[in-house]
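Lettering of chains follows the sequences in order, A, B, ..., and the numbering in each one begins at 1.
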Amino acid sequence: AGVLTIGRREDSTTFDPIKTAQNIDNWVFSNVYDVLIRVDKTGTKLEPGLAESWTTSDDGLTYTFKIRDAKFSDGSPLTAEDAAYSLLRIRDDAASLWSDSYKVIDTAVATDAHTLTIKLKNPSAPFLSTLALPNASVISKKGMETLGADAYGEKPIASGAFTVDEWRRGDRVILKKNPNFWQADRVKLDGVEWISVPDDNTRMLNVQAGELDTAIFVPFSRVEELKKDPNLNVDIDASTREDHLLINHAHGALAKKEVRQALDLAIDKKSIVDAVTFGQGTIANSYIPKGALYYYADNLQRPYDPAKAKELLAAAGASDLTLNYLVRAGDEVDEQTAVLVQQQLQKAGITANLQKVDPSQEWDMIVAGDYDVSVNYWTNDILDPDQKTTFVLGHDSNNNYATNYKNEAVKDLVAKARLELDPKKREAMYVDLQKMAKDDVNWIDLYYSPYINVSRKNIENFYQNPLGRFFLEDTVKN
Amino acid sequence: MSGAVLSVRDLTVRAHLDSGRRTLLDAVSLDLGKGEILGLVGESGSGKSLFCRSLVRLLPSPLLKIESGSVLLDGRDLMRIGDGEMLEVRGGEIGMIFQNPTSHLDPVMRIGDQIAEGIRYHQGLGAREARTAATEILAQVGFPDPVGQYDSYPHEFSGGMRQRAMIGVALSCNPKILIADEPTTALDVTIQAQILRLLMEIRDRRGLSIILITHDLGIVAQTCDRIAVLRGGKLIEEGPKRAILARPQHPYTINLINSHPSLPGEISAPLPDIGEAGQPVRPLLEIDDLHVRFKAGGGLFKGGPRNVSAVAGVSLQIMPGETVGIVGESGSGKSTLARAVLGLTRISSGHVTFDGVDLAQQKSAGLAKLRRETAMVFQDPYNALNPRLTIGQMLAEVLKVQGKVAKADIPARIDELLDLVGLEREFAGRKPRSMSGGQCQRAGIARALAVDPKLIIADECVAALDVTIQAQIIELFRELTAKMNLTLIFIAHDLAIVRNLCERVVVMYRGEIVEQGRSEEVFARPRHAYTASLIAAIPDIDPDKPLLQDAGGKDDRQSIPIQPVKRMP
Amino acid sequence: MHRYKFVLTRPLQFLPVIFGISVITFILVRLIPGDPARNILGTRATPAALAGIRAQYGLDQPMWLQYVYFLKNLANGEMGKSILYKIDVLKLIVTRIEPTLALVVTSVVLSVLIAVPMASIAARNAGRAPDHAVRIVSTLGIGFPPFWLGLMLIILFSVELGVLPVSGYGATIGEKLSHLVLPSLTVALSLSTVLTRSLRAAMIEQLKSDVATAARARGMPEGIVFWRHVLPNSLVPTINLLAVNIGWLIGGSVVVETVFALPGMGQLLVRAIFSRDYMVVQGVAMVFACATVLINFIADIVTVTVDPRVTL
Amino acid sequence: MSIEAIAPAPAWRRLFVRRPMLAVGAGLLLFFVLLAIAAPVIAPYDPILQNAEVRLQAPSLLHPFGTDNFGRDILSRVIWGARLDLQMALIGIIFPFLIGTTVGTVAGFFGGIVDALFMRLVDIILAFPFLVLMLSIIAILGPGLGSFYIAMALVGWVSYARLIRAQMLVLKSSDYAVAAVSLGFSRSRIMFRHLLPNAVAGSIVFSMSDATLVLLSGAAVSYLGLGVQPPIAEWGVMVAEGQSFITTAWWITLFPGLSIVSLAFGFSMLGDALGELLGVHE
Ligand SMILES: Nc1ncnc2c1ncn2[C@@H]1O[C@H](COP(=O)(O)OP(=O)(O)OP(=O)(O)O)[C@@H](O)[C@H]1O
Ligand SMILES: Nc1ncnc2c1ncn2[C@@H]1O[C@H](COP(=O)(O)OP(=O)(O)OP(=O)(O)O)[C@@H](O)[C@H]1O
Ligand SMILES: [Mg+2]
Ligand SMILES: [Mg+2]
């Protein structure tokens, strides 16, 4: 019983799932909406959500879902019709930010109230994973049509564990328990308040002063101190976040594999983990995050060896390498990493000129190729590695995440892996991909880091899975 | 006087400055009789104000201290009573009227309330009664509509009315003694006369004793019973008015009396005969139906767009070598006329022709000529000089810009100019701040002369100065015009000075010329009633020529010009 | 009532200012490099998706045309739709206006409550110990970065003493007031120093003024001289100073709102600038500007009321 | 403005004795200037050199002000920071001063349409929330010192323009201005040689408190993430960055914070003293 208060950095922007791509929204959706298929607590398996069960045709093109008996928060029944409507909406609506990911759907039809049949245009191994995305949540067709998108986006009719009771913009989203949730018995809390407290210090102080039950986005630097507080639990949950150093392969010497390898050798990931993440991170050796599906634990990890880096550079004729290093303004971690990496590169004879830019501008510059190196990170939206792999190695329209990395063999393998439906074979393909990427140094993997949240001692089961979903239906406030 | 209400004995005030101690009042002893008006005269800085402030222990700075002496009022020594008791004395026993009513009245408090404040405090009356009493006082000091005017603010009144209000404030606590510190210096002669009459009336009605501070012997002659002369903090002469005026003992007093403008001095150089020389002399300056209008109240969206006609159809001719005085009460348009003539203010209509060049038709040529051949001397000697430049720098700049003197000769010319206006040469290195008013005014005249002008316009250039210094400056002008064949337009509201200096006089009233002619004639036989009232308002040093016999005596309250409300600076 | 005529005519003068501000904000936000579409789509955006968003918000139109639309909207009392929040900007602003307004008002009130006694003490003891103390305190107060000061206040009053809430705003009046104490104190600690200095100077001048001398000469005790004559006459320059500082004050609320998690417009604006939510930046800047103009207008009315000499 | 009579050319020593504020203000400023000049000599460590061994150490004999999360010596960073912060304060007031003074002089002197235009612009900029305008300009030009200076100049000039203009309005109708016109002096001579020197005192005094504002704006901009480039030592950035450690390592923010306050204090004191010397009332 009780209302759980959670402090976070920013307020939600909308409750219309198709109109946002921000974690800040998605993380609330998971507890307001329900999806056909859920990702489990470990972040490695799919489990039934609103779809009780499903079957796949042999050609991998037709999926049939059995929709369970469930109700929306307004008491109306949730049907296959609503599910079909939701999927077509995310695919077709002009305001949808996600249509690309669902273009693979050819038709989605409610064969009866409890049966949803989806036909794909081509086989897709990651398809089921995409149904678990909070943005593909099932919305009430009737609700959307009567309220209109704007009103629905303020206060949706949904079928998750909680419903939106009040949204004080800029301040907090107040959720209350949804008695119509099909797993209502599982929910112990009366409600949840997501409260926006932008300043990290203030947010932590709120929990310390007992004014908030929990706070998320705990800065690495605060972990040790908060651990010492007898009233608090620091929850460190595995995430899919991977920080890496983007390299613009199109720029001069960086086109040479040896130069990129030298960079990899010149960066001391251990000291970054120590100084920037205060020991909370672990050194990354693959673009697929540790613990995630198909992660290859034995992938190569180049040692820190500035001397060898120097040799390599000399051999490649790039001894006096000068790099333009883009830094995201206002991002503490990014700035600290930059300061550290700059000094490390110096030891290998590489000059990195830091250029601090506004975060919104940074990605524009990266896409435009106005950079040599820059630290960036990726968190998985879905369990399947295909999304990230395609973006990073698959030669899609993004020039491989703006790195201009080119390797035809890799590209072909990415496409093949997407169509391969046999998990064993797929895994082998992804192991190969991880090896090839590491050899080419498409970018430099830096470290994996966990989600760090802090909660008062009386809060139990406050947990986030690696994709970021909070399992508030299990959380207990004593 | 046997029945002295107030007797001051050996009052000594010293200033304890960083630079050392200075004695500002040196053992002054004085008595004030009941119902008596005592005139305290003396040049600026002689300690008149300080003396009065010492009586109520309100010294202007904590650095000044009353060192010794006693002030006996009703048997109490005001220098020895406690602060609480002193509060009773101030206002309650001794009321003060100050020189500048504008700065002494609280601008954000209603006039009536300022009077009522003292009544409530000193007599413990309630708000309602105090209001009635204050209204009564307003009526006594001559407010035509006391009930309505109770709620007005000081800025809504003319200077004269403000001074009446100030007197009302002083009367509010029903004091026995009134100290009036130069109550009329800021006012016009006509209004000055009214205020002085009011003071005498009050004395008669209430049996008050008054100390009247002034530097104008004429005022003393007209209003006081006794005179005390201060100089350098010392009382140099004291006695009944007639005795002192008739037989002054101290040379300073003699000088003071002699320099009083109302004494008919010898008339200046005879008028150059114009028609007789045979050849027609072209006027140096011709003003034809000149109008200058101002938008009062200012900008586009502010207030009602109201026009003030500062100069309304003036026509005037001035011959080369002439000395012409322009007189008229404050606001009559004298300065505006001068500025318009010099191209410093836009002309609304009419013509100004200087030395044959019409300023409206040949604007740039005319202005260039004006700038090279005319100069102006200003009223306030301090404000007219750039405080950051030394006198030498200032003169050098003028000479350089005017370009009439070769660069190498500039220093010599500066010395020459300083000699001409009677300043030591070392003044070239001084800044205005370290000079006295009279010295600054001389520097201002030197600057005008540096242009080597044909025409000088002097706008109230002696109003801010002491009588003795006034006389020196007038003398200087007289010499200069004679020596250099200057044409001089001398603006003043003090008719006496004009009579001394100018051959011809022009009288302005509300933007128009109401009378002009040879000085002796105008002064002897004024044709216009306004001129007559102006002349009558000059306090004569002869105590037997009463002030304002008839002219403007009764209906003066209507003629008080209500000044337009100006935006706060 | 003639002096108050400007109340009717002055609003006309606001128009050019508001118009100027609309042009400047419009151009300014678009000059900031960075693409709003990219911003909401994140790093995974495809060119097609980007184009879609740009078309949806008319960002693909030429600049002048966008401005025309903006003006057209404005004429209809609308400010366009937020790219980030997907709702009408005006609606968004309405939900966020109260905390900022409350913060500004309480800060000003608090500053005045601090400044008047401080300045009085200093002025009446000019040159002596209390005066020096006030001057030193007020000079020091000005040098603290507000975000640091705010945090210190939180640590002291909320964490250590536990008497005031750490952050946020609250729902009831009582809650709101208690939440406003620390943020407005943070602002007031720096604003009051400016006011104190100005008021002190004015008071010292007024204490030496002829008006005060005249009041003393009619036997008024120092207390009456001070409260009835010196104080009212010292207020006008301070009111003007306050009015001039209001833009600075509202701007400063950006930082204070962030530290104290006040859900006001300052926070909204900062997030909008950083995420290139053009319509919101325009809208909020316009509202801020109107507020500033309005506050200056009110200051004018107060000035005219306090000082009968002033006409506008 | 009123001009008080001051003793002619008092010896500098008497000046300081009689005006302790001047002594304190000038003394503090001089101290920081010396610190800035001597930074390479007196700073015990390299201000940007990281040392993993000594991260987050409390003040000790080796590191009198402690170290930050990279093991950099705070004392050295504070000393080097003096260079940047003094530079920021100076450049941050000089350009607004020059622009504002010129605009104010011209607008005040000519009046009419020129004045109206400039003053509307002033109104517009004043109506804009100061920090927001700064943020936008910095965002446009990209974070960094240059942008900060440009932003300060674009935003800060209005105060000076207003001050000077108000003075010019009074002075231009003063008798000595009219005298200068009647003597045929050119407008620019009257404006810049005669009126400006008399009008400028208030702005000089204001610039001293403006310097504080510049420092604080710099700190606020740093707090919002748009401060100078790392790893440069600048006090505002140090305070902003040290915020993360405010409850664990107070020394990271305290010392740069105190430096800002003392420099601001010095400027204010000097401003007050100058105000008295020049006879300017706020
Ligand atoms: N605050 C002060 N500090 C030092 N000296 C002062 C102060 N006030 C006045 N004095 C000096 O006291 C002397 C007398 O001044 P006071 O004002 O009494 O002259 P006054 O006769 O009233 O002159 P005026 O006709 O100009 O009003 C002057 O020499 C003046 O310089
Ligand atoms: N710039 C101006 N704007 C508006 N009205 C003005 C302006 N200058 C003068 N006036 C008005 O014009 C009238 C004449 O003023 P002017 O200064 O010429 O009088 P004056 O005779 O010189 O008075 P004084 O003896 O007081 O110097 C007055 O009513 C005055 O208020
Ligand atoms: Mg006097
Ligand atoms: Mg005049």
Side-chain angles (χ1 to χ4, degrees), chain B residues 52-53 56-58 60-62 83-84 86-110 113-115 117-122 152-156 166 169-170 172-173 175 179 181 297-304 565-569, chain C residues 1-16 125-128 202 204-237 239-240 297 300 302-312:
Chain B
C52 293
R53 282 165 154 254
V56 289
R57 296 190 352 214
L58 277 178
S61 148
D83 284 344
M86 197 67 220
L87 286 182
E88 302 286 313
V89 172
R90 287 183 204 143
E93 308 272 342
I94 303 178
M96 295 266 260
I97 301 166
F98 296 92
Q99 166 171 6
N100 186 349
T102 313
S103 70
H104 284 87
L105 287 172
D106 191 335
V108 305
M109 201 183 210
R110 297 174 194 282
D113 285 340
Q114 298 191 40
I115 296 175
E117 188 182 60
I119 298 177
R120 291 183 63 177
Y121 186 76
H122 282 285
S152 304
Y153 289 98
H155 72 274
E156 296 170 53
M166 197 74 233
V169 172
S172 66
C173 317
I179 298 173
D181 189 352
L300 207 52
F301 296 100
K302 300 165 188 167
V565 177
K566 283 184 188 151
R567 203 193 147 123
M568 205 186 65
Chain C
M1 280 298 104
H2 168 79
R3 293 192 316 121
Y4 287 94
K5 217 167 114 190
F6 75 97
V7 173
L8 299 177
T9 52
R10 175 64 64 84
L12 283 179
Q13 280 176 299
F14 297 164
L15 287 178
N125 296 289
R128 289 200 296 271
I204 286 180
E205 199 155 299
Q206 284 298 327
L207 275 168
K208 285 192 274 191
S209 73
D210 290 346
V211 170
T213 308
R216 288 187 195 110
R218 71 185 99 115
M220 295 297 124
E222 224 23 51
I224 292 191
V225 173
F226 189 81
W227 293 108
R228 293 195 55 169
H229 298 282
V230 171
L231 183 63
N233 277 295
S234 318
L235 282 181
V236 168
I239 293 171
N240 286 328
F297 183 49
D300 281 347
V302 175
T303 308
V304 167
T305 310
V306 171
D307 190 334
R309 287 168 299 179
V310 181
T311 46
L312 292 166

Exercise. Under a 4.5 Å heavy-atom cutoff, which of Leu87(B), Ile179(B), Ile97(B), Ile94(B) has the most pairs with chain C?
Worked result: Leu87(B)
Exercise. Is there a side-chain contact between Tyr121(B) and Ile224(C), using heavy atoms and a 4.5 Å cut-off?
Worked result: yes
Exercise. Which of the residues Arg216(C), Arg218(C), Arg228(C), Met220(C) is involved in the greatest number of heavy-atom pairs with chain B at under 4.5 angstrom?
Worked result: Arg218(C)
Seminar exercise, completed: Applying a strict 4.5 Å limit to non-hydrogen atoms, the region of Gln114(B) in contact with chain C is both
Problem set entry | Residue selection (most heavy-atom pairs with chain B, distance under 4.5 Å) from Ala212(C), Pro232(C), Pro221(C), Ala215(C) | Pro221(C)
Exercise. Looking at Gly92(B), Gly91(B), Gly118(B), Pro107(B), which makes the most heavy-atom pairs under 4.5 Å with chain C?
Worked result: Pro107(B)
Problem set entry | Smallest separation among heavy atoms of Phe98(B) and Ala214(C), with atom names | CE1-CA, 3.7 Å
Seminar exercise, completed: In terms of heavy-atom contacts, Leu105(B) and Val211(C) come closest through O-CG2, 3.5 Å
Exercise. Which bit of Arg57(B) is near chain C, if near means a heavy-atom gap under 4.5 Å: side chain, backbone, both or neither?
Worked result: neither
Exercise. Looking only at heavy atoms, what is the nearest atom pair of Asn233(C) and Asp106(B), with distance?
Worked result: ND2-OD1, 2.7 Å
Exercise. Given that the side chain runs from C-beta out, which part of Met86(B) has a heavy atom under 4.5 Å from chain C: side chain, backbone, both or neither?
Worked result: neither
Exercise. Which atom names give the shortest non-hydrogen contact between Gly219(C) and His122(B), and what distance separates them?
Worked result: CA-NE2, 3.8 Å
Problem set entry | Proximal component of Glu93(B), with respect to chain C [non-hydrogen, under 4.5 Å] | neither
